[in-house]
Amino acid sequence: MASAKNMVLAGDYSGCRIFRISATCAYISGTMKKIEDVRFCPETVVRYEVLTDDVIRSGNSLLLTGALDPCCLNNLKLRASAAMQSKGIYTLVVKFRDDKRSLIEVDEKIYMAIARRMNAD
């Protein structure tokens, strides 16, 4: 069975790992990059989107626009497919309050922690 990378694939914080502490707390670990950990919460995240085939094909993602090199889109289409989501692997685009953007791949547990925390308030 395929497993998610649980890391930032592109953009700011690229290469950093993503961890889940509890059912409502997930964060980007900045230890390897010598930066502070970044939590997924309404205080730090402006918006996030789950990428699907339709979002990529239509080009309607405001978060994705200008964030990625066009040559990455083919690889991204494979990652954002419905088949991957059915396996519990989610690809998200996140915009932070400090205008940083990241493309992340997470498993279902981390995705649910992010969604619960962002929708709690």
Side-chain angles (χ1 to χ4, degrees):
M1 183 172 164
S3 63
K5 291 185 177 186
N6 292 332
M7 68 183 300
V8 180
L9 300 174
D12 298 298
Y13 310 116
S14 181
C16 291
R17 302 279 306 160
I18 300 171
F19 296 98
R20 180 180 72 101
I21 298 173
S22 67
T24 60
C25 186
Y27 68 96
I28 297 173
S29 176
T31 28
M32 297 303 288
K33 300 248 182 195
K34 309 267 190 272
I35 58 173
E36 294 291 318
D37 292 347
V38 180
R39 292 186 184 264
F40 292 102
C41 62
E43 293 81 28
T44 58
V45 176
V46 175
R47 186 173 162 192
Y48 74 98
E49 282 182 20
V50 177
L51 291 182
T52 60
D53 290 331
D54 296 336
V55 171
I56 295 169
R57 196 175 314 121
S58 68
N60 286 337
S61 172
L62 296 174
L63 298 178
L64 194 57
T65 306
L68 288 178
D69 189 8
C71 68
C72 295
L73 288 179
N74 283 337
N75 189 19
L76 187 58
K77 284 180 186 179
L78 175 65
R79 290 183 185 280
S81 68
M84 293 299 268
Q85 288 181 9
S86 69
K87 293 178 183 178
I89 300 173
Y90 295 85
T91 304
L92 293 93
V93 179
V94 182
K95 182 177 182 187
F96 297 94
R97 295 229 181 254
D98 57 2
D99 287 332
K100 293 183 178 181
R101 296 179 189 181
S102 294
L103 175 70
I104 66 173
E105 180 180 284
V106 293
D107 61 23
E108 190 166 9
K109 290 180 181 180
I110 293 176
Y111 169 68
M112 293 306 291
I114 294 169
R116 284 184 189 124
R117 180 68 177 124
M118 294 301 295
N119 296 326
D121 296 334

> What are the two closest non-hydrogen atoms of Arg39 and Val45, and how far apart are they?
Replying inline: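 Smallest interatomic distance, heavy atoms only, reads O-CG2, 4.4 Å.
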
>> Minimum heavy-atom separation for Leu9 and Glu105, please, with both atom names.
In response: CD1-CB, 3.8 Å

Within the side chain of [X], is there an N or O that forms a donor-acceptor pair under 3.5 Å with the backbone of [Y]?
X     : Y      : result
Thr91 : Leu51  : no
Arg97 : Pro42  : yes
Asp12 : Arg101 : yes

> Looking at Tyr13 versus Phe96, is the centre-to-centre ring distance below 6.0 Å?
Replying inline: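 Yes; Phe96 has its ring centre under 6.0 Å from that of Tyr13.
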
Would a single hydrophobic cluster contain both [Y] and [X], if residues Ile, Leu, Val, Met, Phe, Trp and Tyr are joined by side-chain heavy-atom contacts under 4.5 Å?
X      : Y     : value
Tyr90  : Tyr27 : no
Ile104 : Ile35 : yes
Ile28  : Val46 : no

Point-to-point distance, once rounded to the nearest 0.5 Å, from [atom1] of [X] to [atom2] of [Y]:
X     : Y      : atom1 : atom2 : result
Ser29 : Ile18  : OG    : CD1   : 10.0 Å
Ile89 : Ile110 : CD1   : CD1   : 11.5 Å
Leu92 : Leu103 : CG    : CG    : 8.5 Å

> So, Arg20 and Glu108, do they make that salt bridge, N to O below 4.0 Å?
Replying inline: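 Salt bridge between Arg20 and Glu108, a charged N being under 4.0 Å from a carboxylate O: no.
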
>> Would Cys25 and Arg117 count as a side chain to side chain contact (heavy atoms under 4.5 Å, CB included) here? Give the steps.
In response: CA-CA 7 Å; Cys25 186; Arg117 180 68 177 124; over 6 Å; no

>> Arg17: which residues meet the side-chain contact (heavy atoms from CB on, under 4.5 Å) condition with it, sequence neighbours left out?
In response: Asn6, Met7, Phe19

